[in-house]
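All remarks here apply to the structure that follows.
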Protein chains: 2
Amino acid sequence: MADNPTIQQLKRLERDLWLRTYLMGILEFDGETKAPPKGAPARAEAMGALAGEYHEALTSASAQELIAQLEEAAAAGELDEQTATELRVLAREQREAVAIPTEEAAAWSKLTSEANAVWHKAKLANDWESFAPYIDRILAALKRQAACIDSTRDPYDVWLDQYERGMNSAAYDQFFDQVKATVVPLVHEIGKHPQPEAPFLTARVPESVQLDIARELMDIVGLDPEASVLDCVEHPFTNGMAPGDVRITTHIYENNLLSNVFSVIHEAGHAIYEQNIDPAYAYTCLGTGSTMGIHESQSRFFENIVGRSRAFMGPLLAVLRKHVPEAYGSVSEDQLYRAANIALPQLIRTEADELTYPLHIMVRYDIERMLFAGEATARDIPELWAQFTRTYLGLDVPNDTDGCLQDTHWSSGSFGYFPSYALGSAYGAQMVPAMAADGVDVDAACAAGDLAPVRTWLREKIWRWGAGKDAPELILNACGAPFDATFYCDYLQKKFSKLYGL
Amino acid sequence: MADNPTIQQLKRLERDLWLRTYLMGILEFDGETKAPPKGAPARAEAMGALAGEYHEALTSASAQELIAQLEEAAAAGELDEQTATELRVLAREQREAVAIPTEEAAAWSKLTSEANAVWHKAKLANDWESFAPYIDRILAALKRQAACIDSTRDPYDVWLDQYERGMNSAAYDQFFDQVKATVVPLVHEIGKHPQPEAPFLTARVPESVQLDIARELMDIVGLDPEASVLDCVEHPFTNGMAPGDVRITTHIYENNLLSNVFSVIHEAGHAIYEQNIDPAYAYTCLGTGSTMGIHESQSRFFENIVGRSRAFMGPLLAVLRKHVPEAYGSVSEDQLYRAANIALPQLIRTEADELTYPLHIMVRYDIERMLFAGEATARDIPELWAQFTRTYLGLDVPNDTDGCLQDTHWSSGSFGYFPSYALGSAYGAQMVPAMAADGVDVDAACAAGDLAPVRTWLREKIWRWGAGKDAPELILNACGAPFDATFYCDYLQKKFSKLYGL
């Protein structure tokens, strides 16, 4: 059936959808890095038009008929494996897009656009009250939409599954309970111990030098320089535009070199994933990364498990000494290791260290869960935020700007998204023993500054599959067992007990 | 008829076409400035798809029916002025696009794509013979296509009109005869005089300093910095992407500051035109510049008539002294003026000075004319090139790489394009006395470094009209008389006689 005109139609539809996604990616990157301020309205016009064209192409009557025809062919075993996978992924996306009535989608777009603008002002003015009504309206809309997508499931479960296929609140409850039991006492214990002194952390390193360092780190992670781009932005992100074109970004603080170092390694982890998807998936719906959690597992694997490991301090210090001899010439690997792994609770999620990061996610998860369960409304959020922050991080929240107004996600309607951020590190921790079982010694690769064996394993087990497999299948195939947070908890327990001499 | 649904359809069609053009502009800019090398195939895929979508939207049966309906309404006087203008411009574009049969267009796309690739190699290898057959095939195709567009006209006239509406070979003959009579003897005379010595021309000025200078020059031309972008590329260009977003580019040679200076002023001239089109034309087919010649008239007005004028040397020298005091501190305005206006024949068009530039165009025009008249074929071109170069520029052509293979234009099928390059300077020269008649003293504005009066005139007479008027109408409205090359010839005669003391 390979030359079947129906399959050709599917490939054309996918190419058409790819084109819109690619163009939106280019526009976004251009907007963040290059476009002049007054170009924003034209870009917004183009973005809106492309999003509309994408939706129209995906949900048109002819596209629905095409998918239905192909599902019959698939049931009859007439599709090759790749086409069957494309069909499965695209059919799910189409089904969910069609499920939301047009008026509901239009109202949603208007509501979240307004909410986002109100949030920007509210954050600056520490004014939760002005923003709270939007949260209630967003929640009501999300519950209606969840019922459209799958009326048989709990609405929060529907949204958790949207961001991380296969997950639900029962699974997250179990995961966070396990993390809580490990991390909360660990952070409490560490609080009794002195933090390392590391004056080199704030040494001034000019932007051009930091960019040279960034490029060397991209090489070590293994990015193809002919297929990658690095640029500076306000909030770093990665975009896998197309085969042969992956863009990473960083934000340079001249008196905080390590922020750039680990941000670049993190984004390079996202980028190398996109760069190693099976070339046969190019221009299809499979030609991008899998779930949010899997993508974050790759960035955090490189940032934390590799980048902040004791073994990697040798190669890392060599790069820093080469470019910043005056500040790093007399720093030892141990000193760098301790400085790169300071665990210290503070209020802002995006500045959190490896150990306290999941606690920030737990604050958000617990609140989201209560909101969907009807146990709280938007007006209760500041108090709940204060309460959970005290319980998990041991901190008082002085204001909402640094509390429940700090993140943009809820203002654009992304409830159920935060929890997937915490899974990444846990997926990654489970991969280390799986690599060992396959003969890949992560520590040895880190110490040698040659990550080729690690890349080979990740390419085979994770990267090449693109969006063709969801997280549960990827983890099972890669690690030989379902996801289990024990590996992550053990990893944190061992690493930070030893670091702080507990 | 303003709320007429047919008019709404027209506006939607124009917005749809604008979107494709905008996206192709962003892709081109991104490709030249940022994208990694391996991103090229994806960009080509997207470019091809967008071009196809543009053609489809413009020529679809429904678009043809729409234009036909609106032309009836226009004939009945039912359209407002702007809509009538949009209709006129779009209808012409549609008529010409529909005229070329689909198979002819597809064959053309394939032929020119191959020809361009062959030209790249041929230029490097000084191998005209490999490229010549493509020129003959391109010419045959251009004759067929010209017959589709307008079988009543001479094919070359059809193409001259495509690039510069209202022009034909009779008008160009007259223009070039006049220019020839002035410039050829002038260049010959200058050759007998010594050239000025100006060692500061090759002073090394680092890229960052040259970029600072470029930004000051953009300010002087009058670009809105919130709506403009400057970047570095191999071959400078300007792209008016959208309302509020105009991009200019330059190429920095560290030992040739003035190349960057005049290139930036040139591109800024293109850019300020795009930036000052009537905002009511945004997202319509009128929201871009008029003909090639008019666009070039604006860039060359700022580059030469302003930028290389004696009066502007004061403000220009102030900028150069501020940023490069060591090289320009002791240079006088007269020395700078003479150095910025060295007239010296050489082989490469893109490196030609103000005076000898039109001679390069005449070489190409004479050859194109003979090819279309059947008086020569591709194999005759090298000899003709040598002959015309000797006659006009007084130079021998040592090889085809620096001769008839130097430009890319013919390889992409652009015959009839070159002549429009020469018109720009001539249009601009005619505007100076027209400005004077309206009370605008260009010299005084240059000397003051405040070009606001010049901008006000150009905005009113040229810029605001966008693509709504062709060159003949713009010139007539702006100058109160049809185009007349006498102004240009007089300008060159006076300027260069005085400079070289003839």
Side-chain angles (χ1 to χ4, degrees), chain A residues 12 15-53 57 207-208 218 223-231 239-249 271 275 279 282-283 287, chain B residues 12 15-53 57 207-208 218 223-231 239-249 271 275 279 282-283 287:
Chain A
R12 270 202 301 279
R15 200 167 270 252
D16 207 37
L17 296 172
W18 169 82
L19 175 67
R20 316 291 146 192
T21 309
Y22 169 72
L23 292 169
M24 288 190 273
I26 295 279
L27 282 180
E28 188 203 356
F29 185 85
D30 180 79
E32 296 284 338
T33 60
K34 185 51 76 177
K38 289 185 181 171
R43 186 168 57 257
E45 167 75 25
M47 282 287 207
L50 288 168
E53 289 177 5
E207 175 165 319
S208 62
M218 289 163 71
L223 289 182
D224 176 353
E226 296 281 296
S228 319
V229 152
L230 170 69
D231 213 327
N239 195 325
M241 303 283 179
D245 190 346
V246 177
R247 319 271 176 108
I248 79 166
T249 57
Q275 208 163 73
Y283 310 124
Chain B
R12 269 201 301 279
R15 199 166 272 251
D16 206 37
L17 296 173
W18 168 82
L19 175 66
R20 315 291 146 193
T21 309
Y22 169 73
L23 291 169
M24 287 190 274
I26 295 280
L27 281 180
E28 188 203 354
F29 185 85
D30 180 79
E32 296 284 338
T33 60
K34 185 51 77 176
K38 290 186 181 169
R43 187 168 55 257
E45 167 74 26
M47 282 288 207
L50 288 168
E53 289 176 6
E207 174 165 320
S208 63
M218 290 163 71
L223 289 182
D224 176 353
E226 297 281 295
S228 319
V229 152
L230 169 69
D231 213 328
N239 194 325
M241 302 283 179
D245 191 347
V246 178
R247 319 270 175 109
I248 79 167
T249 56
Q275 207 162 73
Y283 309 124

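Letters A, B, ... are given to chains in the order of the sequence lines, protein chains preceding strands, and every chain is numbered from 1.
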Next item on the list: For side chain to side chain contact (heavy atoms under 4.5 Å, CB included), just list the numbers for Arg247(A) and Asp30(B), CA-CA rounded to whole Å, side-chain angles, deciding distance to a tenth of an Å, and then say yes or no.
Entry: CA-CA 12 Å; Arg247(A) 319 271 176 108; Asp30(B) 180 79; 2.7 Å; yes

Next item on the list: Output the distance between atom CG (Asp16(B)) and atom CD (Glu53(A)), rounded to the nearest 0.5 Å.
Entry: 6.0 Å

Next item on the list: Mind ranking Gly39(A), Pro243(A), Ala42(A), Ala227(A) by heavy-atom pairs under 4.5 Å with chain B and telling me who comes out on top?
Entry: Ala42(A)

Check: In Å and rounded to the nearest 0.5 Å, what is the CG to CG distance from Leu23(A) to Leu23(B)?
Finding: 5.0 Å

Check: Which pair of non-hydrogen atoms, one from Ala46(A) and one from Tyr22(B), has the smallest distance, and what is that distance?
Finding: CB-CE2, 3.5 Å

Checklist line | Among Thr33(B), Val246(B), Asp231(B), residue most engaged with chain A (heavy-atom pairs, under 4.5 Å) | finding: Asp231(B)

Next item on the list: Using non-hydrogen atoms and a 4.5 Å limit, figure out which bit of Arg43(A) sits close to chain B: side chain, backbone, both or neither.
Entry: both

Note to self: Quick check for you: to the nearest 0.5 Å, what is the distance between Leu19(A) atom CG and Leu50(B) atom CG?
What the structure shows: 5.5 Å

Check: Closest heavy-atom contact between Pro36(A) and Glu226(B)?
Finding: CB-O, 3.4 Å

Note to self: Among Lys38(A), Glu45(A), Met241(A), which residue has the highest count of heavy-atom pairs closer than 4.5 Å to chain B?
What the structure shows: Lys38(A)

Item checked: Heavy-atom contact with chain A under 4.5 Å, split by part of Arg15(B) -> side chain

Note to self: For Ala35(B) versus Val229(A), what's the shortest heavy-atom pair and its separation?
What the structure shows: C-CG2, 4.2 Å

